[in-house]
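Heads up: the structure comes next, in structure tokens.
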Amino acid sequence: LQIKAHNTNFVMLHRIDIIMSEDGLTLPAQSGGLNYATFSSGKATFFPEEVTVSKVSVADGLLCVSPLTVQNGCGRSGRYVPANTGVLLSSQSGEVAYYTLDGEMPDALSDNMLCSASQPMTGNARFYKLAYDDFDGKTALGFYWGAADGGAFSCKSGTAYLAVPSASSGAKGFVLDGAADEDAIRTIAETPDEMGDFYNLAGQRSRTSLRGIYIKD
């Protein structure tokens with residue numbers, strides 16, 4: 001095992017002593033009184049219990065956020081994240097600690113569509129990033145297309161993106177509701193096309209914007 005020279009601790013994982021070094025992380029996004037970020041690392045990691053670590057998936061067109069189980073480690077309770085695995089973090093604090101594991105890795109996560117930033121965006125899928133629907137107003141935090149039609153985009157190292165099979169959902173975005181302490185299903189945020197159908201009050205359809213009162217989409 002490699003022993004790092006700073007803030008080292010020990011934890012028993014799969015009956016093997018693991019040396020852990022503490023690092024810091026900023027959760028830059030806010031919603032519902034919590035701070036959020038996506039995360040991935042080339043090494044397995046351990047987050048203290050006060051940091052909620054969740055896997056994310058899409059089923060029947062709905063976003064499902066499922067926190068990982070709390071386990072004992074490093075003399076405290078927390079959650080393990082396998083190497084090269086994307087997860088969603090949330091915490092009441094905007095600055096959180098985590099520990100890098102040198103040694104055996106935790107088991108892979110099942111039913112998780114979050115991917116490490118190091119993983120290429122390929123295959124028949126649409127790709128989403130954690131973002132605000134209204135960046136200036138910092139509202140409707142969720143997962144949204146990072147490029148037109150859900151195509152590949154540049155993902156910052158150390159973060160994660162959501163890869164949803166094209167057949168599972170065509171939604172352009174999913175909104176988080178700020179409740180990440182239990183299994184939850186998030187609402188879908190559909191973004192209409194720039195040019196849609198217009199109707200007058202008699203129910204007649206037109207593709208052109210009308211004078212007066214009309215209904216769009």
Side-chain angles (χ1 to χ4, degrees), residues 1-29 31 34-59 63-120 128-130 141 143 155-164 174 176 178-186:
L1 293 178
Q2 292 182 341
I3 300 179
K4 296 190 176 181
H6 62 288
N7 296 332
T8 56
N9 297 282
F10 291 86
V11 61
M12 186 65 72
L13 177 65
H14 294 176
R15 298 184 179 180
I16 294 179
D17 287 332
I18 303 296
I19 294 178
M20 311 176 77
S21 60
E22 183 174 3
D23 296 292
L25 182 69
T26 299
L27 277 57
S31 178
L34 294 175
N35 299 276
Y36 287 88
T38 57
F39 173 83
S40 63
S41 173
K43 290 187 176 182
T45 50
F46 176 87
F47 284 88
E49 185 176 12
E50 56 266 26
V51 183
T52 300
V53 183
S54 302
K55 59 184 181 180
V56 180
S57 62
V58 171
L63 190 73
C64 302
V65 179
S66 303
L68 304 187
T69 302
V70 174
Q71 304 178 56
N72 291 326
C74 198
R76 62 193 304 183
S77 297
R79 297 171 171 91
Y80 290 101
V81 179
N84 302 309
T85 301
V87 291
L88 177 67
L89 307 178
S90 63
S91 174
Q92 291 184 343
S93 174
E95 299 287 334
V96 301
Y98 70 98
Y99 302 83
T100 301
L101 282 64
D102 290 325
E104 185 176 343
M105 295 183 181
D107 295 333
L109 301 182
S110 61
D111 301 322
N112 183 38
M113 293 182 181
L114 281 175
C115 303
S116 169
S118 62
Q119 182 176 339
Y128 301 74
K129 64 180 180 180
L130 183 67
L141 181 67
F143 288 92
C155 189
K156 182 180 178 181
S157 177
T159 64
Y161 63 89
L162 185 67
V164 180
F174 303 89
L176 293 168
D181 57 349
E182 60 183 1
D183 286 5
I185 296 176
R186 312 307 186 193

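Keep in mind that this is a model prediction, so the values were computed, not measured.
- Put simply, the residue from Leu89, Val65, Val87 that forms a side chain to side chain contact (heavy atoms under 4.5 Å, CB included) with Ser54 is Val65.
- For Thr159 (side chain) and Ser157 (main-chain N/O), no donor-acceptor pair under 3.5 Å exists by modelled atom type.
- For the pair Val51 and Leu25, the minimum side-chain heavy-atom distance is 4.5 Å or more.
- For the ring-ring contact (aromatic ring centres under 6.0 Å, His included) test, no residue two or more places apart in sequence or in another chain qualifies with Phe143.
- In plain terms, the two heavy atoms of Tyr99 and Leu101 that are nearest each other are O-CD1, 3.5 Å.
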- [ ] Take Leu63 and Leu162 through the side-chain contact (heavy atoms from CB on, under 4.5 Å) test and state the conclusion after the steps.
- [x] CA-CA 10 Å; Leu63 190 73; Leu162 185 67; 3.7 Å; yes

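- Residues Leu176 and Leu130 meet the side-chain proximity criterion, which asks for heavy atoms closer than 4.5 Å.
- Looking at every heavy atom in both residues, Ser77 comes nearest to Val70 through CB-CG1, 3.7 Å.
- With sequence neighbours left out, Tyr161 forms a side chain to side chain donor-acceptor pair (under 3.5 Å) with no residue at all.
- Nearest approach of Leu109 to Pro82, heavy atoms of both residues: CG-CD, 4.0 Å.
- For Arg79 against Leu68, the heavy-atom pair with the smallest separation is NE-O, 2.8 Å.
- For the pair Lys55 (side chain) and Leu114 (backbone), a donor-acceptor distance under 3.5 Å is absent.
- At a cut-off of 3.5 Å, with distance as the only test, a side-chain donor of Ser116 or Ser118 sits close to an acceptor on the other residue.
- Pro48 approaches Ala97 most closely through the heavy-atom pair CD-O, 3.0 Å.
- A donor-acceptor distance shorter than 3.5 angstrom exists from the side chain of Asn112 to the backbone of Gly86, with no hydrogens or angles considered.
- For Glu49, the salt bridge (charged side-chain N to carboxylate O under 4.0 Å, His left out) criterion is met by no residue, not counting sequence neighbours.
- Side-chain contact check for Asn35 versus Gln92: every heavy-atom pair is 4.5 Å or farther apart.
- Residues Met113 and Val58 are in side-chain contact: their nearest non-hydrogen atoms beyond the backbone lie under 4.5 Å apart.
- Here the shortest heavy-atom pairing between Gly24 and Tyr98 reads O-CE2, 3.8 Å.
- No side-chain heavy atom of Phe174 sits under 4.5 Å from any side-chain heavy atom of Val56.
- The SG atom of Cys155 sits 9.5 Å away from the NZ atom of Lys129 when rounded to the nearest 0.5 Å.
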